Engineer: 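Dropping a structure here in structure tokens format, bear with me for questions.
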Amino acid sequence: MRSTVLNTAARSTRPNLQQGQAIVLIALLILVMFGMLGLAIDSGRAYVDRRDQQAAVDAAALASGDWFENFNDLSHALNGVQVYENDLRLYGATPAPAHQGPNFVGPYGVQQDIYTYTWPQGYTLTVTATNTTVNGYEFEFDTAHQLPLAFMQIFGGAKAIPITASATAIVNNQRQTPALLTLSTAKCATDLTGSAQLTVLGDVYTNGIACLDSNLHEAGNCYGAAGSNCSIAQYYCYNGSAGFVPYDPATTGGSCKQGDTLGSAIVPAPTLPDPGYLAGAATTDCGGGSCYPNSQSYNQWNRGTWTEMLPGQYDTFHLSGGSASCAFLDPGVYTWTNGYSSDATGSMLSNELRPPDEPLYSDKTNTALANPQFWNQNGTNCWGQFNIQPVTLTSGLGIKHQGGGGQWGVELTSIRYDRFTDGAVSPNPCNSLAGCRRESAPSACQQVGTLDGNNQGIAVNITQNAPGAQYYGVYIDPLGCPDGVTNFQTNFGFWGRFVAPGYVGLNPPATAVGPWPSGSNNLLPGPNGQAGWTCTAPTATVCQISYTQLTGTYNCYSQTHAPLCTPPDLELAPQCFSNCPPPANLLSQENAAMSLEYPPYTGGDLANENYCQPPPNPGDPNAPCQGSEVTPGGVQFYFPNGSCFSQNAQGATYVYAGLQYNWIVIYAPASNTCNESLNGGASTQYIGTIYTPGANWTINGSDRSPLAGQVICYTATVSGGGQAGIDFNPNYSPAPPAARLIN
């Protein structure tokens with residue numbers, strides 16, 4: 001029988017061809033896996049390194065823009081490099097950079113500086129700072145790092161690979177904001193011909209072709225497209241100080257004074273885009289004045305010799321002369337739905353709060369009256385007036401001078417409390433019921449004598465209310481009016497605040513009830529006086545005080561009213577701009593300049609365009625309103641599509657905007673393509689920016705710069721035979737955009 005047992009011996013002698021292949025495959029797979037792992041690790045490290053560098057240059061570029069905006073020089077702007085170092089943890093001293101520049105590059109010759117930094121950790125940073133003139137400064141940060149590879153070099157790759165990142169920030173400095181910008185690209189977008197004279201402090205810029213003649217007095221640079229004849233203008237000397245008066249270098253020997261600059265023509269110039277400013281309150285919760293109380297068409301209140309107007313919508317508005325033709329504007333947005341026209345002698349519209357009997361700025365005795373009074377310009381006769389007289393009181397109520405009798409000096413200030421009710425502004429100190437107090441400069445001093453033995457007091461009589469005044473502040477000098485040599489404002493001390501005739505209410509705001517003063521209306525104590533000395537005499541404003549109690553006056557915080565606080569700063573000389581010196585007895589005086597509002601500073605203007613809230617403390621005396629949110633009393637004129645503007649030289653409009661409106665005093669959307677006319681006279685000025693990107697403006701005027709800010713429009717024409725001025729003032733212009741990344 002055949003055996004079925006397998007012959008294993010025979011099988012064992014046959015070779016196995018697949019033996020050992022798995023080990024080779026595994027080895028190859030291990031190499032691939034390590035390569036993939038190395039690629040993943042090195043790629044991840046490269047990604048992290050790239051993100052770290054990008055974050056570092058983003059932060060550094062923004063920081064450089066912020067530093068430049070604050071200090072306006074490259075040495076401070078380069079502090080952004082420290083931000084780059086800190087973010088990448090590059091410790092130790094910052095390496096000295098290699099500097100190239102300044103270079104002048106591109107078709108417009110812009111200035112460029114290049115700084116290169118190298119660190120031993122393998123990082124290289126290149127900072128390119130480019131002054132793009134009107135478009136501001138650009139800071140480009142380019143970083144590169146040689147990243148050592150952990151695994152890939154094992155497989156024959158490079159030992160390190162370059163990882164790069166880039167960021168560019170731009171910041172516009174206020175000094176580079178043009179005084180006049182026309183957005184049209186057409187020929188003669190800026191047109192100055194004929195015998196009209198235009199004096200401009202600041203840059204004139206047109207995206208089109210400028211058509212000029214030698215009657216343009218340009219205290220800045222003239223920018224225009226190819227074909228512009230900017231070189232024909234007369235260039236004046238200037239600097240960046242607010243309120244600077246430009247001058248012809250011929251008057252100083254053919255060159256500018258030290259520190260001043262002579263402008264030049266820059267043609268061709270790059271196109272400057274529409275800044276796209278927003279109307280703010282006019283297009284949000286205050287649209288049509290809806291956020292203001294009692295807002296309705298023609299909401300005007302008769303206050304006797306003047307009219308009080310509330311913000312809101314007004315139909316066709318024509319400011320004409322005649323009885324009670326002075327209009328005082330409460331703060332807010334005025335929407336002129338069907339146009340605004342001012343053309344008549346004997347009319348005036350303003351939001352300026354001025355004292356009764358304004359003193360002449362140059363009179364050291366402070367007793368002479370200014371001519372003209374602000375509210376007596378243009379033949380209006382609306383200015384506030386007062387007188388004082390001694391009155392005999394019952395025993396024990398009289399005032400006591402030294403030596404049995406003597407002279408007292410009395411000054412008044414106009415006071416009102418205004419609200420700004422836009423909830424989008426924060427912090428908003430003017431949103432409460434009391435609002436923000438505005439207090440004018442002091443009046444001229446009036447002097448009266450009393451005898452101690454006659455139990456006499458002083459009656460202060462308002463014979464005509466100052467437009468806008470709800471209260472009056474009374475200040476006393478026990479030495480009488482200043483003698484022009486030894487005595488001045490520091491000897492006047494606050495006596496008390498009194499409700500204006502025709503108003504009632506101890507706590508602000510006062511309520512208007514009428515009748516309005518005509519004749520003598522005594523400012524009485526008791527329930528109508530507050531925050532000062534006590535006087536119980538029923539017929540006197542000042543009583544029950546002695547000479548010695550009125551000495552020792554002191555400088556107070558502007559928001560504090562207490563006995564012996566000194567009065568606000570006095571008014572200044574009339575504006576000198578295109579005509580210097582200004583014509584005598586023609587221009588009203590200017591308000592005091594901006595100042596910090598706490599000792600040792602005196603606050604400056606505490607009522608009008610140079611007043612701001614909340615006051616920064618501590619603050620910068622060179623920029624006293626930096627960080628504030630509201631200009632109490634500010635207004636904005638809003639012109640919707642189809643609503644046009646006409647200001648004639650015979651009419652008078654003197655208004656200022658404010659921080660809450662980004663200093664835009666006249667706003668019209670781009671869809672408004674009206675032909676606007678601004679023919680300003682001695683009593684007209686718009687303080688702030690005119691922003692009407694779709695409108696065409698014809699500007700003329702005389703005696704005073706009708707524009708204190710800037711003009712942004714589609715086209716601009718200066719015609720006629722008068723003298724006009726645009727006085728760019730950085731205090732009344734929109735804030736420059738903060739540093740922002742553009743790459």
Side-chain angles (χ1 to χ4, degrees), residues 242-243 306 308-309 311 326-332 334 348-356 358-359 361 370 372-377 382-384 412-420 429-430 435-443 466-473 558-559 567-575 587-597 602-613 615 624-625 628-637 652-661 663 665 683-689 704-705 707-709 727 729 731-733:
W306 54 279
E308 183 172 2
M309 295 177 60
C326 294
F328 180 88
L329 298 177
D330 287 6
Y334 289 78
M348 185 170 182
L349 181 146
S350 181
N351 54 341
E352 292 270 337
L353 182 66
R354 300 295 183 110
E358 293 174 85
Y361 77 96
Q373 297 280 297
F374 179 87
W375 284 100
N376 196 28
Q377 297 180 96
C382 300
W383 52 298
L412 267 60
T413 60
S414 295
I415 298 174
R416 66 177 287 115
Y417 291 80
D418 278 325
R419 298 185 69 192
F420 176 67
C430 305
C436 283
R437 188 183 82 224
R438 297 167 59 190
E439 183 172 13
S440 74
S443 69
Q470 299 168 332
Y471 302 85
Y472 293 102
S558 67
Q559 295 301 298
D569 292 341
L570 291 164
E571 294 176 353
L572 305 177
Q575 182 187 54
L587 301 185
S588 60
Q589 297 176 170
E590 298 293 302
N591 293 303
M594 292 180 180
S595 177
L596 295 177
E597 299 170 22
T602 56
D605 173 20
L606 298 179
N608 300 304
E609 64 269 14
N610 297 319
Y611 182 41
C612 53
Q613 291 294 312
C625 282
S628 299
E629 299 289 340
V630 176
T631 302
V635 303
Q636 182 181 87
F637 284 6
T653 306
Y654 195 112
V655 293
Y656 63 90
L659 291 162
Q660 61 268 40
Y661 307 119
W663 278 111
V665 65
S683 307
T684 288
Q685 190 167 64
Y686 289 84
I687 300 175
T689 287
R704 184 199 298 272
S705 169
L707 306 168
D727 179 10
N729 189 327
N731 291 333
Y732 313 136
S733 298

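By convention here, the first residue in the shown sequence is residue 1. Quick note: numbers below take in every heavy atom, side chains included, and nothing from hydrogens, waters or symmetry partners. Quick caveat, the model's predicted, so the values are computed rather than measured.
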Engineer: Measuring only between side-chain heavy atoms, which start at C-beta, is Q613 closer than 4.5 Å to Q559?
Structural biologist: yes
Engineer: If you measure from CG on L707 to OH on Y732, what distance do you get to the nearest 0.5 Å?
Structural biologist: 14.0 Å
Engineer: Using 0.5 Å steps for rounding, measure from the OG atom of S733 to the CD1 atom of I687.
Structural biologist: 11.5 Å
Engineer: Could you check whether any side-chain N or O of E308 sits under 3.5 Å from a backbone N or O of D330, counting only pairs where one atom can act as donor and the other as acceptor?
Structural biologist: no
Engineer: Using every non-hydrogen atom in the two residues, find where P442 and P355 come nearest and quote the distance to one decimal.
Structural biologist: O-CG, 3.8 Å
Engineer: Run T413 and Y471 through side-chain contact (heavy atoms from CB on, under 4.5 Å) and show every step you take.
Structural biologist: CA-CA 8 Å; T413 60; Y471 302 85; over 6 Å; no
Engineer: Using the rule given for side-chain contact (heavy atoms from CB on, under 4.5 Å), can you reason through F637 versus V665, listing the C-alpha separation, both sets of side-chain angles and the distance that settles it, and then say yes or no?
Structural biologist: CA-CA 6 Å; F637 284 6; V665 65; 5.8 Å; no
Engineer: Please step through side-chain contact (heavy atoms from CB on, under 4.5 Å) for the pair E609 and T631, ending with a clear verdict.
Structural biologist: CA-CA 7 Å; E609 64 269 14; T631 302; 5.6 Å; no
Engineer: For the pair W375 and F328, name the ring-plane relationship: parallel under 30°, tilted 30 to 60°, perpendicular over 60°.
Structural biologist: tilted
Engineer: Between Y661 and F420, is the ring centroid distance below 6.0 Å?
Structural biologist: yes
Engineer: Side-chain contact, heavy-atom cut-off 4.5 Å: Y361 with L572?
Structural biologist: no
Engineer: Using modelled atom types only, decide if a donor and an acceptor are shared between the side chain of R437 and the backbone of S558 within a distance under 3.5 Å.
Structural biologist: yes
Engineer: Is a side-chain donor-acceptor pair under 3.5 Å present for E352 with N591?
Structural biologist: yes
Engineer: Taking the side chain from D418 and the backbone from P632, do they hold a donor-acceptor pair closer than 3.5 Å?
Structural biologist: no
Engineer: Donor-acceptor check, side chain of S588 to backbone of F374, threshold 3.5 angstrom: yes or no?
Structural biologist: no
Engineer: Please check if the side chain of D569 supplies one atom and the backbone of A441 the other of a donor-acceptor pair under 3.5 Å.
Structural biologist: no
Engineer: Is there a donor-acceptor pair closer than 3.5 Å between any side-chain N or O of S350 and the backbone N or O of Y654?
Structural biologist: yes
Engineer: Side-chain contact, heavy-atom cut-off 4.5 Å: E571 with D605?
Structural biologist: no
Engineer: Do the non-hydrogen side-chain atoms of Q470 and Y417 ever get within less than 4.5 Å of each other?
Structural biologist: yes
Engineer: Taking atom CE of M594 and atom OG of S628, what is their separation to the nearest 0.5 Å?
Structural biologist: 9.0 Å
Engineer: Okay, side chain of Q373, backbone of A370: is any donor-acceptor separation there less than 3.5 Å?
Structural biologist: yes
Engineer: Counting C-beta onward and ignoring hydrogens, is there a side-chain heavy-atom pair between L659 and C612 closer than 4.5 Å?
Structural biologist: yes
Engineer: With rounding to the nearest 0.5 angstrom, report the CG to OH distance, L353 to Y611.
Structural biologist: 11.0 Å
Engineer: How many angstroms lie between atom CE of M348 and atom OG of S683, to the nearest 0.5 angstrom?
Structural biologist: 6.0 Å
Engineer: So does S595 get a backbone contact from the side chain of N610, meaning a donor-acceptor N/O pair under 3.5 Å?
Structural biologist: no
Engineer: For the backbone of R354 and the side chain of S414, can you confirm whether one donor and one acceptor N or O come within less than 3.5 Å of each other?
Structural biologist: yes
Engineer: For Q660 and Q636, test the side chains for any donor-to-acceptor distance below 3.5 angstrom and give the result as yes or no.
Structural biologist: no
